[in-house]
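Just so we're on the same page: letters track the sequence lines, and every chain starts at 1. Note: hydrogens, waters and symmetry copies are ignored here, and every other heavy atom, side chains too, is used.
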Number of protein chains: 2
Amino acid sequence: MNPPAGGAATPTPSVRETAEAWESLFRAQVAVMRRLQADPAFRGLGIKEYDVLFTLSGCPQGGLRLNELNEHVLLAQSSLSRLVERLERKGLVTRRAAPDDARGILITLTEAGRETQRRIGRGHVREISRLFGGALDADELAELTRLTAKLREHVVETHPL
Amino acid sequence: MNPPAGGAATPTPSVRETAEAWESLFRAQVAVMRRLQADPAFRGLGIKEYDVLFTLSGCPQGGLRLNELNEHVLLAQSSLSRLVERLERKGLVTRRAAPDDARGILITLTEAGRETQRRIGRGHVREISRLFGGALDADELAELTRLTAKLREHVVETHPL
DNA sequence: TCAAGGTAGATGCAAATGCATGTATCCTGA
DNA sequence: TCAGGATACATGCATTTGCATCTACCTTGA
């Protein structure tokens, strides 16, 4: 329940401290994302499209439902629906009826989609590493990962959409 | 140069660790932002528009230039140009020629804009606090703020757009 | 079993966005 | 001083997005 390596939990943060943390997190995300988007690798395929391919690549067993995918992406349901339609037209994903629920569609990477994700992904992680390079040491980076993961989990679990 | 409360800097992180940290940061941002956007307070005025008002509210002395504003927001220059145009039409900001550079425009909050920002902002920070509530204790939150601020500063300084 | 309400995804349409480019202004070096 | 290039912002236009709504399917309770 408490931080693994730490002592007792410190008090609940104030509204002000919380707002500050969110602003800092958000601005960092903007600064990094703005620079990642500028990568020529995202000329032909937008970074949102890439993100969908990436997310699908992490769930190889049968793909994902549209609504599951939607949890990971900052897009309205209808926008994601059409984004996936575009990916299908490009031959990067397939859409078929979900096996257990005829309302749903199951989205799967095609071989071309998987290959595209890998190709772009290789350069992408290098670009991320270049951007972050020297900003944080290994401990700090691990702590950043831990804290953001913890925040996300908490938010997702206690505040359903 | 080193973490205030820490010891010596640990090694440079691997590409993999860096990519993991970015994904975690990004997903946390998505989860939080998705829920913040759903706030009925952002019915009449989108969260991006609010963000511009908020940023302007932090720089009371004469406002900001469009290109300065653009650093804070994840929008193409042309999109921000039109977003500001919309805010002007709503009477929330004014645009006038920058004093020192006739190419630039200086964007300033109107009284109505400042009031709107304050009104929405009050509920907004409470909503942030509610979302984060209990996710992290005070120390963890402070560390999250510190790490994301450090990351942002480093990225902005070493990777100009 | 079936009516009522809920959920998954698609679609029409207006608004927002980004790219390419345009115009005006500023800067720099010969 | 001035020509060439850079910078700041605006604009035309095609694409993308979100809202409201639709259809199809699922679930529940009487």
Side-chain angles (χ1 to χ4, degrees), chain A residues 30 33-52 56 62-90 92-108 160-161, chain B residues 30 33-52 56 62-90 92-108 160-161:
Chain A
V30 168
M33 182 58 91
R34 179 178 265 303
R35 284 157 181 84
L36 288 176
Q37 278 182 330
D39 191 318
F42 296 114
R43 277 294 154 120
L45 192 72
I47 200 165
K48 287 174 197 153
E49 281 83 356
Y50 168 77
D51 190 27
V52 166
L56 287 171
L64 282 178
R65 296 279 297 272
L66 195 61
N67 56 354
E68 299 174 302
L69 212 46
N70 210 161
E71 175 73 17
H72 294 279
V73 176
L74 205 51
L75 278 177
Q77 175 268 319
S78 60
S79 305
L80 180 59
S81 178
R82 278 189 268 237
L83 190 157
V84 169
E85 191 187 350
R86 267 174 273 148
L87 288 178
E88 187 185 36
R89 268 204 302 269
K90 290 189 180 194
L92 301 174
V93 305
T94 59
R95 298 194 295 175
R96 66 190 129 103
D100 56 329
D101 186 340
R103 293 169 301 178
I105 62 168
L106 195 62
I107 300 148
T108 326
L161 285 172
Chain B
V30 168
M33 182 58 91
R34 180 179 265 302
R35 284 156 180 88
L36 289 177
Q37 278 182 330
D39 191 319
F42 296 116
R43 275 295 154 118
L45 193 73
I47 200 165
K48 286 175 200 156
E49 281 85 355
Y50 168 77
D51 190 27
V52 166
L56 288 172
L64 281 177
R65 293 279 298 271
L66 195 62
N67 58 353
E68 298 173 303
L69 214 45
N70 210 159
E71 176 72 18
H72 295 276
V73 177
L74 207 51
L75 279 176
Q77 174 268 319
S78 61
S79 306
L80 180 58
S81 176
R82 279 188 270 237
L83 190 157
V84 169
E85 190 187 350
R86 267 175 272 148
L87 289 177
E88 187 184 35
R89 269 204 301 270
K90 292 188 177 193
L92 302 174
V93 305
T94 59
R95 298 194 294 176
R96 67 191 127 102
D100 56 327
D101 186 340
R103 292 169 302 178
I105 62 168
L106 195 62
I107 301 149
T108 325
L161 286 170

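- Protein atom CG of A/Leu161 is 18 Å distant from nucleotide atom P of C/dG6, rounded to whole Å.
- Here C/dA16 presents its C1' atom at 14 Å from CZ of A/Arg82, a figure rounded to the nearest Å.
- Atom P of nucleotide C/dA10 and atom CG of A/Leu75 are separated by 14 Å, given to the nearest angstrom.
- Contact annotation: the side chain of B/Leu74 approaches that of A/Gln37 to within less than 4.5 Å [non-hydrogen atoms, C-beta and beyond].
- One interatomic measurement links the two molecules: CD of B/Glu85 to C1' of C/dA15, which rounds to 13 Å at whole-angstrom precision.
- Contact between the side-chain N/O atoms of A/Asn67 and the OP1/OP2 oxygens of C/dG9 is found at a separation under 4.0 Å.
- In this structure, the side chains of A/Leu45 and A/Lys90 come closer than 4.5 Å at one or more pairs of heavy atoms.
- Within the structure, every side-chain polar atom (N or O) of A/Ser81 is placed at least 4.0 Å from both OP1 and OP2 of C/dG9.
- Between chain B and DNA chain D, the heavy-atom contact criterion of under 4.0 Å yields a 5' to 3' nucleotide range of D/dT7 to D/dC13.
- Computed from coordinates, the A/Leu83 CG to C/dT11 C1' distance equals 16 Å when rounded to whole Å.
- Considering A/Leu64, A/Leu56, A/Leu87, A/Val52 as possible partners of A/Ile107, the one that fulfils the side-chain contact (heavy atoms from CB on, under 4.5 Å) test is A/Leu56.
- Atom pair B/Leu45:CG and C/dA16:C1' shows a separation of 14 Å (rounding to whole Å applied).
- Comparing B/Leu106 and A/Leu80 by the nucleotide of DNA chain D whose heavy atom lies nearest to each, the residue mapping closer to the 5' end is B/Leu106.
- Using a 4.0 Å heavy-atom cutoff across all strands shown, A/Gln77 reaches at least one base atom of the nucleic acid.
- Looking at A/Arg65, its side chain has no donor and acceptor atom pair within 3.5 Å of the base of C/dG9.
- Computed from coordinates, the B/Asn70 CG to C/dT17 P distance equals 12 Å when rounded to whole Å.
- B/Ser79 has no side-chain polar atom (N or O) that falls below the 4.0 Å cut-off from OP1 or OP2 of C/dA16.
- B/Arg86 comes within 4.0 angstrom of sugar-phosphate atoms only, judged by non-hydrogen atoms across all strands, and of no base.
- Of the listed residues (B/Leu161, B/Val84, B/Leu80), just one forms a side-chain contact (heavy atoms from CB on, under 4.5 Å) with B/Asn70, and that residue is B/Leu80.
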Protein and nucleotides 24-27 of chain C: nitrogen or oxygen contacts under 3.5 angstrom:
{"unit_1": "C/dC26", "atom_1": "OP1", "unit_2": "B/Ala102", "atom_2": "N", "d": "2.9"}

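- Here the closest non-hydrogen pair linking A/Glu68 and A/His72 is O-CD2, 3.4 Å.
- Every pair passing salt bridge (Lys or Arg N to Asp or Glu O under 4.0 Å) that includes a residue from residues 69-81 of chain B is listed here, sequence neighbours excluded: A/Arg35-B/Glu71.
- For B/Arg34 (side chain) and A/Leu75 (main-chain N/O), a donor-acceptor pair under 3.5 Å exists by modelled atom type.
- Between A/Leu106 and A/Arg65 the shortest side-chain heavy-atom distance falls below 4.5 Å.
- Closest heavy-atom contact between A/Thr108 and A/Gly62: OG1-O, 3.9 Å.
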